[in-house]
Trainee: 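Let me give you the structure first, and then I'll get to my questions.
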Protein chains: 2
Amino acid sequence: MNRTVDRAEGERVVLIDGVAMSLDDCPVRDVLDSVGGKWTSLMIMGLAEGPRRFSQLRRFIPDISQRMLTQTLRDLQRDGYITRTVYPTKPPSVEYRLTPLGRSFLALLRSLVRWSAENHAAIRAARRAYDAGEA
Amino acid sequence: MNRTVDRAEGERVVLIDGVAMSLDDCPVRDVLDSVGGKWTSLMIMGLAEGPRRFSQLRRFIPDISQRMLTQTLRDLQRDGYITRTVYPTKPPSVEYRLTPLGRSFLALLRSLVRWSAENHAAIRAARRAYDAGEA
DNA sequence: CTGGATCCGCGGCGATACTG
DNA sequence: CAGTATCGCCGCGGATCCAG
């Protein structure tokens, strides 16, 4: 049963399937903030098969700006999804690699990819029908 | 094997696990745009156990503004996740209910909730460690 | 090759007031 | 009860230039 309760500290919490989802500090929202970005999911998929270098990722996602490539990588690193390894060669090369946490999440992401592919047509259809009714 | 290819129409496409993810019109991004919003996932969880009325949802998520409640519901309806039924009583009451598509997505969302709960601590820890190293 | 710094527009989201 | 209308903030993300 889902319900909203107040904890001792005055924190409001929603219980869902026995999992506490705080409204102020919600785990799901944290994860969605990490992976809900425009490029994050594609980036993780790009690292699915093994470590990749900066320019490899740039080629993998041709229409990402280099600013967002850098920022997305830093955010993923900050949250522990990937590691960043610098090789002091000349010119320098940097390698990005999924952590165990990142690989764990990759499994979830694959489910999402599959579901999206299967239901994309239905969503688009619903949207067209809705917009037609509005016009 | 993941790779970026060009289709006949000149559309750039990424093949992931055999699933085509267009860069211009990506199914996963569509889904994440639907569910990546600040309130969407909570809203779907709120409808998990059965149909709910506007004010019930408002009580379920106390700190949502009524503007965002309306907008989130309309977006979910537009994409086919929920239906909206108006009962012309006095005063009027409106019932929101998950569609088969919405219930299908709910299964995925539950996985996400579970994963988030299990790994939230690890993410927070990684973030603290990263920020400590930056300071 | 791998970034950092800066400028800026757009859209998500919140607050408030009003309505059938 | 269940919305609609308007305003304004702010952060995401793109473009461009610069650097080790």
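All figures in this text were calculated on a predicted structure; none of them were measured in a lab.
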Trainee: Taking only residues two or more places apart in sequence or in another chain, which ones pass salt bridge (Lys or Arg N to Asp or Glu O under 4.0 Å) with B:R67?
Mentor: none

Trainee: Residues two or more places apart in sequence or in another chain: which of them pass side chain to side chain contact (heavy atoms under 4.5 Å, CB included) with B:T99?
Mentor: B:T83, B:L101

Trainee: Could you pull out all residues at least two apart from A:E95 that satisfy salt bridge (Lys or Arg N to Asp or Glu O under 4.0 Å)?
Mentor: A:R97

Trainee: What donor-acceptor contacts under 3.5 angstrom involve side-chain atoms of residues 69-76 of chain A, with partners at least two apart or in another chain?
Mentor:
from: A:T70; atom 1: OG1; to: A:Q66; atom 2: O; distance (Å): 3.0
from: A:T72; atom 1: OG1; to: A:M68; atom 2: O; distance (Å): 2.6
from: A:R74; atom 1: NH2; to: B:Y130; atom 2: OH; distance (Å): 3.3

Trainee: Of all residues at least two apart in sequence or in a different chain, which pass the side chain to side chain contact (heavy atoms under 4.5 Å, CB included) check with B:R84?
Mentor: B:Q77, B:V86, B:V94, B:Y96

Trainee: Going by side-chain hydrogen bond (donor to acceptor under 3.5 Å, both in side chains), name the residues that satisfy it together with B:R78, two or more places apart in sequence or in a different chain.
Mentor: A:D131

Trainee: Taking only residues two or more places apart in sequence, or in another chain, which ones meet B:R127 in a salt bridge (Lys or Arg N to Asp or Glu O under 4.0 Å)?
Mentor: A:D79

Trainee: Would you tabulate the nitrogen or oxygen pairs shorter than 3.5 Å linking the protein to nucleotides 13-16 of chain C?
Mentor:
from: C:dC13; atom 1: OP1; to: B:K38; atom 2: N; distance (Å): 3.2
from: C:dC13; atom 1: N4; to: B:R67; atom 2: NH2; distance (Å): 3.4
from: C:dG14; atom 1: OP1; to: B:K38; atom 2: NZ; distance (Å): 3.0
from: C:dG14; atom 1: OP1; to: B:W39; atom 2: NE1; distance (Å): 3.4
from: C:dG14; atom 1: OP2; to: B:W39; atom 2: NE1; distance (Å): 3.0
from: C:dG14; atom 1: N7; to: B:R67; atom 2: NE; distance (Å): 3.3
from: C:dG14; atom 1: O6; to: B:R67; atom 2: NE; distance (Å): 3.3

Trainee: Below 4.0 Å from chain B heavy atoms, what is the first contacting nucleotide of DNA chain D and what is the last?
Mentor: D:dC1 to D:dT6

Trainee: Test: ring-ring contact (aromatic ring centres under 6.0 Å, His included). Region: residues 98-117 of chain A. Which pairs qualify, not counting sequence neighbours?
Mentor: A:Y81-A:F105, A:F105-B:W115, A:W115-B:F105

Trainee: Just jot down the salt bridge (Lys or Arg N to Asp or Glu O under 4.0 Å) partners of A:R58, sequence neighbours excluded, or say none.
Mentor: none

Trainee: Can you sort out which residues in residues 75-83 of chain B have a heavy atom within less than 4.0 Å of DNA chain D? Ascending by number, please.
Mentor: none

